[in-house]
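Everything on this sheet refers to the single structure shown next.
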Number of protein chains: 2
Amino acid sequence: MYSYICLMNSLTEENYLKAIYSLSADRGTVNVNDLSKRLDIRMPTVTSMMKKLAERKLVRYEKYKPVSLTPKGEKAAMYVVRKHRLTEMFLVEIMGFGWEEVHDIAEQIEHVKSAEFFRKMDELLGHPSFDPHGSPIPDPEGNIRRDPLPALSECREGEKVSLSAVSDSSSEFLTFLNSRRLSLGTEINILSIEPFDGSMMLSYDGTSGQVFSKVVCDKLLVGRKEK
Amino acid sequence: MYSYICLMNSLTEENYLKAIYSLSADRGTVNVNDLSKRLDIRMPTVTSMMKKLAERKLVRYEKYKPVSLTPKGEKAAMYVVRKHRLTEMFLVEIMGFGWEEVHDIAEQIEHVKSAEFFRKMDELLGHPSFDPHGSPIPDPEGNIRRDPLPALSECREGEKVSLSAVSDSSSEFLTFLNSRRLSLGTEINILSIEPFDGSMMLSYDGTSGQVFSKVVCDKLLVGRKEK
DNA sequence: TTACAAAGTTAGATTAATCTAACAAATATT
DNA sequence: AATATTTGTTAGATTAATCTAACTTTGTAA
Ligand SMILES: [Mn+2]
Ligand SMILES: [Mn+2]
Ligand SMILES: [Mn+2]
Ligand SMILES: [Mn+2]
């Protein structure tokens, strides 16, 4: 186990690999432009990094075509994702941070070069399956649970759902959710949907009727209770 | 408090500042050559970094003279030392690492950009005063307890002392101490000293008579029990 | 089908941090 | 005092990661 710790990638390479993984989670491939926007790095820089990663057999790259991870690149990416999510869980569960505070710190700690460090985290947390934002944590072999959750915005009036994950871990978004007393596991009733802008009126935790914009409902991933 | 978190130094600069601090702990100044050896970086590189740090008012530097920290540089250095030692303590006390495993990991984590992260560590540890190797942890204002401990090798035959700190935190040295069942707080009797090579015969924890070379005894810092 | 916009590449510059080679200053040894 | 050794600096090259400006390819819309 931990067979991928022998791959030594720089902090920068790890960030690229993670970005490619997360952007391609659905479509399977990613454009240079997507990466450029996600990482806030100009396109020529991304192009040259793709050449470098292709050289190292971590990504498939051909001029003017979208890029994708090779099996080796995927494994490396999954390990970075594992380290990131374990760290977030550690920061929340062991250190007492709020879920809105951990992403930026994890973004740094995920690059620590010590397999033992992450192994200890995993052990202390009792081998968790999900991070504080509801995302699955890849196992030590790089396998990840892949059951894509529907967004709240895709649900219908009258449905009862529970908040299972969020697709935005930014401090701003999560602080907003905190202010509305929304957290993972909250049971939500969809009272009504405004056809004009897709905003939803919800009740949860005994609240009467809170309105959430579609922008927000797109980021709330839910488990369906009854259809 | 935490007034120095506004100073933003790169990982590299932080390592230089910490090295200058630790080398000058006794003499007060450091040569370019000392730094070069400590950091395993060639002298011309050190020279140019000294110019850069002098530019930023963190060190005093004049051609061909030893360098020293300015008050600003000293404060920055103390904060890095604080982060390093808090991290080592955290790794041992909270995460269950051995004292021989933590230095290299702390060397990386000390550069995490998040004052809150280190504040949480400090809180969880109950504001510790010493790290796992017996070195004092600077307070949030950068003040550090400065009572230099004598090395075991400076003590005399018949003295009873207790192991208070080690001046070498390398995995190799500490693994050696582990193999001899020596840890901080151990009460030691100096049975005899070999004049030829300065090696010492000690008894502790009910052992009969263990011999330690001067190289080792130089690195064991002790508190005197009786004279 | 031509024209325009978006996406991507190439070329060349920049920055931080490092290096080697050559030279200069300071210090130690004879 | 002369010489040798150690220490330190200068100059210039290198590497990783980034950028801008200019150009090319691809895809879309007139
Ligand atoms: Mn995250
Ligand atoms: Mn990162
Ligand atoms: Mn240490
Ligand atoms: Mn360090």
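Quick caveat, the model's predicted, so the values are computed rather than measured. As a basis for the values below, the full set of heavy atoms in this structure was taken, side chains included, without hydrogen atoms, waters or symmetry mates.
- Of the residues in residues 46-55 of chain B, those lying under 4.0 Å from DNA chain D by heavy-atom distance are B:T47, B:K51.
- Contacts between residues 59-66 of chain B and DNA chain C, counted as heavy-atom distances below 4.0 Å, involve B:Y64.
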Donor-acceptor contacts, no H, no angles, side chain residues 111-118 of chain A, under 3.5 Å, sequence neighbours left out:
{"unit_1": "A:H111", "atom_1": "ND1", "unit_2": "A:E14", "atom_2": "OE1", "d": "2.7"}
{"unit_1": "A:H111", "atom_1": "NE2", "unit_2": "A:N15", "atom_2": "OD1", "d": "3.0"}
{"unit_1": "A:H111", "atom_1": "NE2", "unit_2": "A:E107", "atom_2": "O", "d": "3.0"}
{"unit_1": "A:K113", "atom_1": "NZ", "unit_2": "A:N9", "atom_2": "O", "d": "3.4"}
{"unit_1": "A:K113", "atom_1": "NZ", "unit_2": "A:H111", "atom_2": "O", "d": "3.3"}
{"unit_1": "A:S114", "atom_1": "OG", "unit_2": "A:F117", "atom_2": "N", "d": "3.1"}
{"unit_1": "A:E116", "atom_1": "OE1", "unit_2": "A:R119", "atom_2": "NH2", "d": "2.7"}

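- Rounded to 10 degrees, the angle separating the terminal helix axes of the helix from C:dT1-D:dA30 to C:dT30-D:dA1, each built from five base pairs, is 10°.
- Within the structure, salt bridge (Lys or Arg N to Asp or Glu O under 4.0 Å) pairs that include any residue of residues 84-97 of chain B comprise B:R85-B:D131 (at least two apart or interchain).
- The salt bridge (Lys or Arg N to Asp or Glu O under 4.0 Å) analysis of residues 142-154 of chain A, with sequence neighbours excluded, yields the pairs A:E74-A:R146.
- By the side-chain hydrogen bond (donor to acceptor under 3.5 Å, both in side chains) test, B:K52 pairs with B:E13, sequence neighbours left out.
- Proximity of residues 33-45 of chain B to DNA chain D (heavy atom under 4.0 angstrom from any strand atom) is restricted to B:N33, B:M43, B:P44.
- Contacts of A:S22 classified as side-chain hydrogen bond (donor to acceptor under 3.5 Å, both in side chains), with partners at least two apart in sequence or in another chain: A:R38.
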Indicate every side-chain donor-acceptor pair of residues 212-219 of chain B with a distance under 3.5 Å to a residue at least two apart or in another chain.
{"unit_1": "B:S213", "atom_1": "OG", "unit_2": "B:V216", "atom_2": "N", "d": "3.4"}
{"unit_1": "B:K214", "atom_1": "NZ", "unit_2": "B:D218", "atom_2": "OD1", "d": "3.2"}
{"unit_1": "B:K214", "atom_1": "NZ", "unit_2": "B:D218", "atom_2": "OD2", "d": "3.3"}
{"unit_1": "B:D218", "atom_1": "OD1", "unit_2": "B:S153", "atom_2": "OG", "d": "2.6"}
{"unit_1": "B:K219", "atom_1": "NZ", "unit_2": "B:D168", "atom_2": "OD2", "d": "2.7"}

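- For B:N178, the side-chain hydrogen bond (donor to acceptor under 3.5 Å, both in side chains) partners two or more places apart in sequence, or in a different chain, are B:W99, B:E100.
- Judged as a side-chain contact (heavy atoms from CB on, under 4.5 Å), and not counting sequence neighbours, the contacts of B:E194 are B:F196, B:D197, B:S199.
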